[in-house]
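For reference, the structure discussed in these notes is given below.
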Amino acid sequence: MKKIFITFFFLIVALAGLTFFVGVSRVEPIAELKPSKAHLYGKPDVSIENVSLLVLYFVPKDRTERAISGWKEIIEPHLKELQEFHNIQFSGKSKISYEFYPQIIVGEKKGKEYEMNILDHSNPEAIIPVTEEISRRVLSVNGDLYINKEKEASGGARQVYLVVFEGEGGSGNGNASLISRAYLTENGYEPFGTTFLAHEFYHALGLPDNYQQSFYVYGDSQKIPISVLTAKDIMGRVGVSIKNSYIDREILKKMGI
Amino acid sequence: MAYFMTSNKHKGRIRNTFILLFIVLSCVPVIILGVVSLSAMAITHRQNVYNLERQVLEEKSKVIENFFKNILDTLSIRIETLDEQTLDKSGNLWQESFVQSLIEANLAIQEVSFADLQGKEISKRSRLTKTPDMLYVSELPQFKEAILGKQYVGTVHTTLAGQTVSVAVPVFIREKVFNVVLAEVSLSPIIKSLNEAALGDSGYALLFDNEGAFIGSGGKAPFIPGLNLSRWNKLEAILKGEAASIGEFGDRYHSLIGDVPVVGSAIRVSKIGWPLFVEWPISEADAVINIVRDKVLIVIFLSIFLVLSLAPIIAGRLVCPIRLLERTSEEIEKGNFDQKVQIGTNDELEELGESFNRMAAGLKRLQELKNEFVFIAAHELRTPVTAIKWYISSIFEGDAGNMTNQMKKFLTVIKVSNERLVNLVNDLLYIARSEAGRIEIAVSRNNAKPFIQSIIEEVKPLAIEKNISVSYDPPADLPDLMIDEGQFKEVIMNLISNAVKYGKNSGWVKISHEVTEGKVSIRIEDNGLGISEDDQKRLFEKFFRSDKVKGAGIQGTGLGLFITKELVEKMGGAINVESAIGKGTTFTLKFSRAT
């Protein structure tokens, strides 16, 4: 009987082997992909997985009559396009949320005083007069328009300020960017308004311009200053709709994408 | 006892051996055949799936190659007839003409421009914007590559409108680069082609660029376009050149898309080097082979189930003649030589059965000769020993004159020995008659009481000699029994005389009755030596005497209880014994009541 039991045991083992192993696919387990995290350009320690955008409408004190009343409704479609663009460029690894500062901020100075700097797009400090005033009046506890956005942005979100300026110019630096309201509302800038906005927004995430200043030499040796593209992406070329624009692969690599 | 145990062990062993052999010889080939067929099926199927996947990969790869070949061929301009100076003087007129033709030539070209040797775009057409701005592109990698006379296909750009790639080709005048044609090309025709003619209903293709960014797939996009998956080990191996392709027989792995197990293969699209994967969910790729496999397994399991079911039956049939021989030999052992073995297997076993029957017939003849010899011997001995008995009795009665004490002593020994001889001769004669069928039993209505009382009287001298009390207290209304008077007395004599003979000195023997419906029992009970359980089993065998009795020096032939049992059974009664060593023995006889 012992031999029969042993034979049965081996028979069961053989049948189990036949059923579960012979001719059965060996399937490799799913590959574990080390997740990459989006971060500020060149700063791997500063995450931008979540970007919280506070949009403020800044009107110099001498241009309050020009200020538009439905500014939020006009700007919001651009912000939604920016969200879509950002999502696809960062492969869903960075998300933008936005909110509006509830009221128009009337500057303490006249428009020309701010524009002296802002019009110099290549100057990274051009935006400082505006951001300094916003910081002092809106973000400081003692400011007359104080709102506690630093606290609200806690929880890992990168706080970025987008200033829609009632005047000329555009710039971005630090964690703030500034764009002329005219780029977003006037027909002459269509369909590039959102591209301009995104270009300045990405400066606030540390992205540099993808063009450099140079000269073009004509046949008669006449030299004219020009901007030479180093990449045709959104940081180099803004004369296309945001739907057809992109962020250069080399830049994305430096942001963990 | 040891013999029986060994015999039983053999009984189990030979049947089990047959079962074992049958299972092993039947199941092992089935299992080996199963392993070979399932393995062969699996290998063939995998090779077929791999071939299918390679075919799809080759087709898709060809489509992608042709796409870029068409684009580059369209953009490639070689001017042979005009010289450089004439072209310079023509302004940008010919470029304007060409640029319009180029954008119209292929819908995938989203934007195309001519740039001079300093990198200034001099002529441009775009589907992206109505008024394209002229850019300075001398620092763009595509311009730098094309100015050196090489064609350029850049990395893939992901936009909200789809994916594009930058392409640049040099414009030659004779062998010299004169201008550069720059273009942005939509990849939507390629992505569209991935949807066509994939594998089965659920197979799909995945295309990546040469940095591992996802371009597109057949069917619904599983990833956000542009997602870099270069850290996926399969893709990484191809991008690093560690594998020109994957899946010699089709790799099987869990896909990144939905963690579904798939059969996957991949190649790099020649010239542009983009990795192209095809994945086919195993659930569909193996659907047919799994059905076939299940059927093969069912056949194997059923075969083995059949073998396991039939093995005991067939082993039983093989062992059956052996069992029959065994049973018949047991009957022959009991003296029943008329038993025949009937084996109809038409083989050596049947011959063995016939041989066995011949052996039984031979034994029967020997038995008959022996019986005849015993009968004749016993019969011939009876006359002289009876005469001796009569003369010794006459001598003791003084018919031959006075005896000295010495003579009396010697003659007493002769008398006792002669008595034993007489008993032995009588028993042998009875057995010989019985086996020859010459014992006549005439059962009739009789009252047992006087028979028993007369036997007690006969035994009394021996009982007194051993100081054993023999008591008999029959009920007044003891029913008549159906017995043969002579044989009944013989039975009672045997049992009571045994009880006295083997009883302890100063012991007792009790005879009693128990009346039940239809039967009357006669119990002969003593407080003698008792009989062990082993001895009780052989108590009624011919010539059996227990070692204990032999050791005690009590004389006997060992035939008394054998004859008793035979007589009881011939009268239609039954006998059994209950005993325990040191506690005595009770024989119970049961006879039918006379009606």
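For clarity, every value in this text was computed on a predicted model and none was experimentally measured. Reminder, nothing fancy here: chain letters follow the sequence lines and each chain counts from 1.
Listed options A/P29, A/G236, A/G92 were ranked by heavy-atom pairs under 4.5 angstrom with chain B; first place goes to A/P29. Most heavy-atom pairs under 4.5 Å with chain B, from the set A/T7, A/T19, A/V240: that is A/T19. Contact count against chain B (heavy-atom pairs under 4.5 Å) is highest for A/I30 among A/I30, A/N87, A/I4, A/I257. Considering only heavy-atom pairs separated by less than 4.5 Å from chain A, the leading option among B/L135, B/V30, B/D286, B/V24 is B/L135.
Looking at B/K234, only its side chain comes within 4.5 Å of chain A, counting heavy atoms on both sides. Only the backbone of A/S245 comes within contact range of chain B, with heavy atoms under 4.5 Å apart. Heavy atoms of B/I19 lying under 4.5 Å from chain A belong exclusively to its side chain. Looking at B/L297, the atoms closer than 4.5 Å to chain A (heavy atoms on both sides) all sit in the side chain, from C-beta outward. In this structure, chain A has a heavy atom under 4.5 Å from the side chain of B/R293, while its backbone stays farther away. Of the atoms belonging to B/E111, it is side-chain heavy atoms, and not backbone ones, that fall under 4.5 Å from chain A. For A/K232, the parts sitting under 4.5 Å from any heavy atom of chain B are the backbone and the side chain alike. With a threshold of 4.5 angstrom between heavy atoms, B/V35 approaches chain A through its backbone and through its side chain. Of the two parts of B/T129, only the side chain, counted from C-beta on, holds a non-hydrogen atom closer than 4.5 Å to a non-hydrogen atom of chain A. Contacts between A/F90 and chain B at a heavy-atom distance below 4.5 Å are absent for every atom of the residue. Looking at A/Q89, only its side chain comes within 4.5 Å of chain B, counting heavy atoms on both sides. Residue B/N290 does not touch chain A at all, counting heavy-atom pairs closer than 4.5 Å. For A/F10, no part lies under 4.5 angstrom from a heavy atom of chain B. Looking at A/S214, neither its backbone nor its side chain comes within 4.5 Å of chain B, counting heavy atoms on both sides.
A ring-ring contact (aromatic ring centres under 6.0 Å, His included) with A/H86 is found for exactly one of A/Y246, A/Y202, A/Y98, namely A/Y202.
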Show, in sequence, the C-alpha distance, side-chain angles and deciding distance for B/H157 and B/V165, and conclude whether the side chain to side chain contact (heavy atoms under 4.5 Å, CB included) test is met. CA-CA 6 Å; B/H157 310 131; B/V165 65; 5.9 Å; no
Criterion side chain to side chain contact (heavy atoms under 4.5 Å, CB included) on B/K144 and B/E139, from CA distance to verdict: CA-CA 7 Å; B/K144 287 178 178 176; B/E139 292 301 316; 3.3 Å; yes
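Smallest separation of non-hydrogen atoms from A/L82 and A/L53: CD2-CD2, 4.2 Å.
Aromatic ring orientation, B/W232 versus B/Y253: perpendicular (interplanar angle above 60°, classes split at 30° and 60°).
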